[in-house]
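Model, not experiment: these values are computed from the prediction. Below, chains carry the letters A, B, ... as their sequence lines are ordered, and counting in each starts from 1.
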Amino acid sequence: MLHLFDTARGAVVPFEPSTPGKVSIYACGPTVYGPPHLGHGRNQVSYDLLRRYLAWSGFEVTFVSNITDIDDKIIERARNEERPWQDITRRCEDVWFQGMDRLGILRPDHTPHATGYVDEMVALIQRLVDRDVAYATSDGVYLDVSQVEGYGLLAHGELDQLRSGARIEANEEKRSPLDFALWKLAKPGEPSWPAPFGDGRPGWHTECVVMSLDLLGEGFDIHAGGNDLQFPHHENERAQAVAEGKRFANLWFHHGMVEIDGEKMSKSLGNVSNLLDLMDAYDPRAFRLLVLRAHYRSPIDVSDDSMRDAEAAIARLDGFARRFAGRVDGVDADPASIERFRTAMDDDLKTPTAVATLFDAVNRANKDDDLEAAAAAFEIAGVLGLELRGEAASVPDEVLARARDRDEARAAKDWAAADQIRDELTAAGWVVEDTADGTTVRPG
RNA sequence: GGCAGCGUGGCCGAGUGGCUUAGGCAAGGGACUGCAAAUCCCUGUACGCGGGUUCGAUUCCCGCCGCUGCCUCCA
């Protein structure tokens, strides 16, 4: 049985969906004002892993992930670049999904946009005002967190403690520094929507409550995000639901951050905190493997070395795939490997161990030409979202002709000629390997 | 200042009160090969520092040092 760490309870707990066999997940998605960075990449791989594993375990998964397309940063960028903010959000969203496709991320079942839920958000805010848990100031509407039962659940702190940690804010109309904006009144030139409390735009924390409850209903199973969202974002989402008397997420799934040694990173890698740049420079699967080799709640460090390391490991997997592709159809996966994998994953998604079982299966397959182990390796790789390349890449005829020339030279024991052709092909970027079937060539 | 976490062999990164003490990459040796490549086999170097608990700690407790994240927009 799957066990997951629940941030609210602060412990690994058995996962039991409210409806047997079905899992509903809401995962905080990107604010579309720029290209995805490495943190987004890890974030999406974490979600993807959770979804794939739940699906493989037999659950019917409904996965909702939003697009935040109203935000101060979007407005700021639009102003700086003197173009409509919708241009930025549309373009960034396209770039986002293209990038995630490259990373092998499954698309969400639903992708609600904040701009598509403004009416519902206004209605929620109005209800909170009517209940007297929200109050208006000269620049917006705020939630009074002191009235929220259990505020601090996710921050794991008492109200006083949280308050003392809060930075001093310019806004003195707020009753507490912890109170947060549900609605921001529009300043001249800012995008705005009509509302009874004045034209403006919703605060960030409001969209996720409204959209998750609308699409998944009260008491949905899992709310996911980076641990930087734990507080205040998720705390504040929950606060709104609680303030309205509604049940919110049953389990909080938070993953760790990507850490980049600023100096080291910038020197060795250049501007690869941009995920798209990283995927241009390295195999996207290597990034995924790098993420999977650490536990989802641990921090990971991305560097030139760690990416090269991961690429070498991917090459090993691809070599395995070439060897066994097409030979495992209908073969039952080795049960022992699958069981080890499942045990690791059921224990709070211990992917480091899961990856180790994958490589163990690969090793056993290679060693004894063990088809059951090979089938297990393919299955595990699939659940982890690692697409192995077993298909022979297309090779130009002239290159194949040279390979045949080499076979002839080798048959004639003309080693000088054979070596010369190999050098020639290698210089052209091909990997040359001799097999029982003669010279094979593939892209390097 | 508050909260949370981390410090493992050349590197990345698991794990465990004692047992053959993951896995990947790199290194060295060997098998295979005309030579390679791929693959397989073998090998080395470990648990930040100081105490404590224990028959025994890398694993538990305390202190220290170092590092990180959150507390403000953030995946």
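In this structure, CD of A:Glu235 is placed 13 Å from C1' of B:C70, rounded to the nearest angstrom. Residue A:Asp305 contributes atom CG, which lies 7 Å from atom C1' of B:C11 at whole-angstrom precision. Following rounding to the nearest Å, A:Arg297 (CZ) and B:G15 (P) show an atom-to-atom distance of 10 Å. In this structure, CG of A:Asp69 is placed 19 Å from P of B:C73, rounded to the nearest angstrom. Taking atom CG of A:Asp318 as the reference point, atom P of B:A38 lies 14 Å away to the nearest angstrom. Atoms CD (A:Glu408) and C1' (B:G34) sit 18 Å apart, rounded to a whole Å. Following rounding to the nearest Å, A:Arg42 (CZ) and B:G69 (P) show an atom-to-atom distance of 14 Å. Counting to the nearest Å, the P atom of B:C40 and the CZ atom of A:Phe320 are 11 Å from each other.
Between A:Val383 and A:Phe341 the shortest side-chain heavy-atom distance falls below 4.5 Å. Considering only heavy atoms from C-beta on, A:Thr89 stays 4.5 Å or farther from A:Asp71 through its side chain. A:His233 is listed as a side-chain neighbour of A:Glu237, based on a closest heavy-atom distance under 4.5 Å. Proximity of A:Asp348 to A:His295: side-chain heavy atoms (C-beta onward) are separated by under 4.5 Å at one or more points.
In the interface, the side chain of A:Lys367 is not paired with the base of B:C40 through any donor and acceptor atom under 3.5 Å apart. Contact annotation: side chain of A:Asp434 to base of B:C35, donor-acceptor pair present below 3.5 Å. The base of B:C35 sits with one of its N or O atoms less than 3.5 Å from a complementary donor or acceptor on the side chain of A:Arg422. Checked by distance alone, A:Asp309 brings a side-chain donor or acceptor within 3.5 Å of a matching partner on the base of B:G24.
At the heavy-atom level, A:Asp72 lies nowhere under 4.0 Å from the strands shown. In this structure, A:Gly226 reaches the sugar-phosphate backbone alone: every heavy-atom distance under 4.0 Å involves primed, P, OP1 or OP2 atoms, never a base. In this structure, A:Asp360 reaches the sugar-phosphate backbone alone: every heavy-atom distance under 4.0 Å involves primed, P, OP1 or OP2 atoms, never a base. Across all strands shown, A:Arg410 has heavy atoms under 4.0 Å from base atoms, whether or not it also approaches the sugar-phosphate. The residue A:Arg77 sits apart from the nucleic acid: no heavy atom pair falls under 4.0 Å. Nucleic acid contact for A:His233: none, since no nucleic acid atom lies under 4.0 Å from a heavy atom of the residue. Residue contacts shown for A:Gly225 are limited to sugar-phosphate atoms, with no base heavy atom under 4.0 Å away. Here A:Ser46 lies out of heavy-atom contact (under 4.0 Å) with every strand. In this structure, A:His37 reaches the bases: a heavy-atom distance under 4.0 Å links it to at least one base atom across the strands shown.
B:U72 and B:C3 have their C1' atoms separated by 16 Å, given to the nearest Å. B:C12 and B:G2 are spaced 31 Å apart, taking the P atom of each and rounding to whole Å. Annotation: B:U58 and B:C67 have their P atoms spaced 25 Å apart (nearest Å). Nucleotides B:G48 and B:C65, compared at atom C1', are 8 Å apart to the nearest Å. If you take atom C1' in B:G44 and the same atom in B:U21, they sit 16 Å apart, rounded to whole Å. If you take atom P in B:G28 and the same atom in B:U68, they sit 35 Å apart, rounded to whole Å. A gap of 44 Å separates the C1' atoms of B:A37 and B:G69, to the nearest Å. Between B:G66 and B:C49, the two C1' atoms lie 10 Å apart (nearest whole Å).
No side-chain donor-acceptor contact under 3.5 Å links A:Ser306 to the backbone of A:Val302.
Listed nucleotides B:A75, B:G24, B:A22 differ in distance to A:Ala356; the shortest reach to its side chain belongs to B:A22. Residue A:Ala313 has its side chain nearest to B:G24 when only B:C73, B:A75, B:G24 are considered. Side chain of A:Lys350, nearest nucleotide from B:G15, B:A75, B:G34: B:G15. Nearest to the side-chain atoms of A:Pro352 among the listed nucleotides B:G13, B:A75, B:A38 stands B:G13. Taking every side-chain heavy atom of A:Arg323 into account, B:A38 is the closest of B:A75, B:C35, B:A38. Taking only side-chain atoms of A:His295, from C-beta outward, the nucleotide of B:A75, B:A14, B:C71 with the closest atom is B:A14.
Contact check on A:Arg91 versus A:Asp87 returns no salt bridge, with no Lys/Arg side-chain nitrogen under 4.0 Å from an Asp/Glu carboxylate oxygen. Taking 4.0 Å as the cut-off between side-chain N and carboxylate O, A:Asp72 and A:Arg201 count as a salt-bridged pair. A salt bridge between A:Asp101 and A:Arg107 is present, with a side-chain N of the basic residue lying under 4.0 Å from a carboxylate O of the acidic one.
OP1 or OP2 of B:C41 has at least one side-chain nitrogen or oxygen of A:Asn363 nearer than 4.0 Å. Considering only side-chain N and O atoms, A:Thr353 lies nowhere under 4.0 angstrom from the phosphate OP1 or OP2 of B:G13. Considering only side-chain N and O atoms, A:Arg316 lies under 4.0 angstrom from the phosphate OP1 or OP2 of B:U39. Taking only side-chain nitrogens and oxygens, A:Asn366 comes nearer than 4.0 Å to OP1 or OP2 of B:C40.
In this structure, A:Pro30 and A:Val432 both approach RNA chain B, and ranking their closest nucleotides by distance from the 5' end singles out A:Val432. Both A:Thr31 and A:Arg308 sit near RNA chain B, but only A:Arg308 has its closest nucleotide nearer the 5' end.
Looking at A:Val210, A:Val209, A:Leu182 one by one, the single match for side-chain contact (heavy atoms from CB on, under 4.5 Å) with A:Met121 turns out to be A:Val210.
Where stacking is scored as ring centres under 5.5 Å apart with planes under 30°, A:Trp415 registers as stacked on the base of B:G34.
Taking the six-membered ring for Trp and thresholds of 30 and 60 degrees, A:His254 and A:Trp252 have nearly parallel ring planes, at less than 30 degrees apart.
A side-chain donor-acceptor contact under 3.5 Å links A:Arg406 and A:Thr439.
The strand RNA chain B forms stems, runs of 3 or more Watson-Crick or G-U wobble pairs with distances below 3.5 Å, at B:1-7 with B:65-71, B:10-12 with B:23-25, B:27-31 with B:39-43, B:48-52 with B:60-64.
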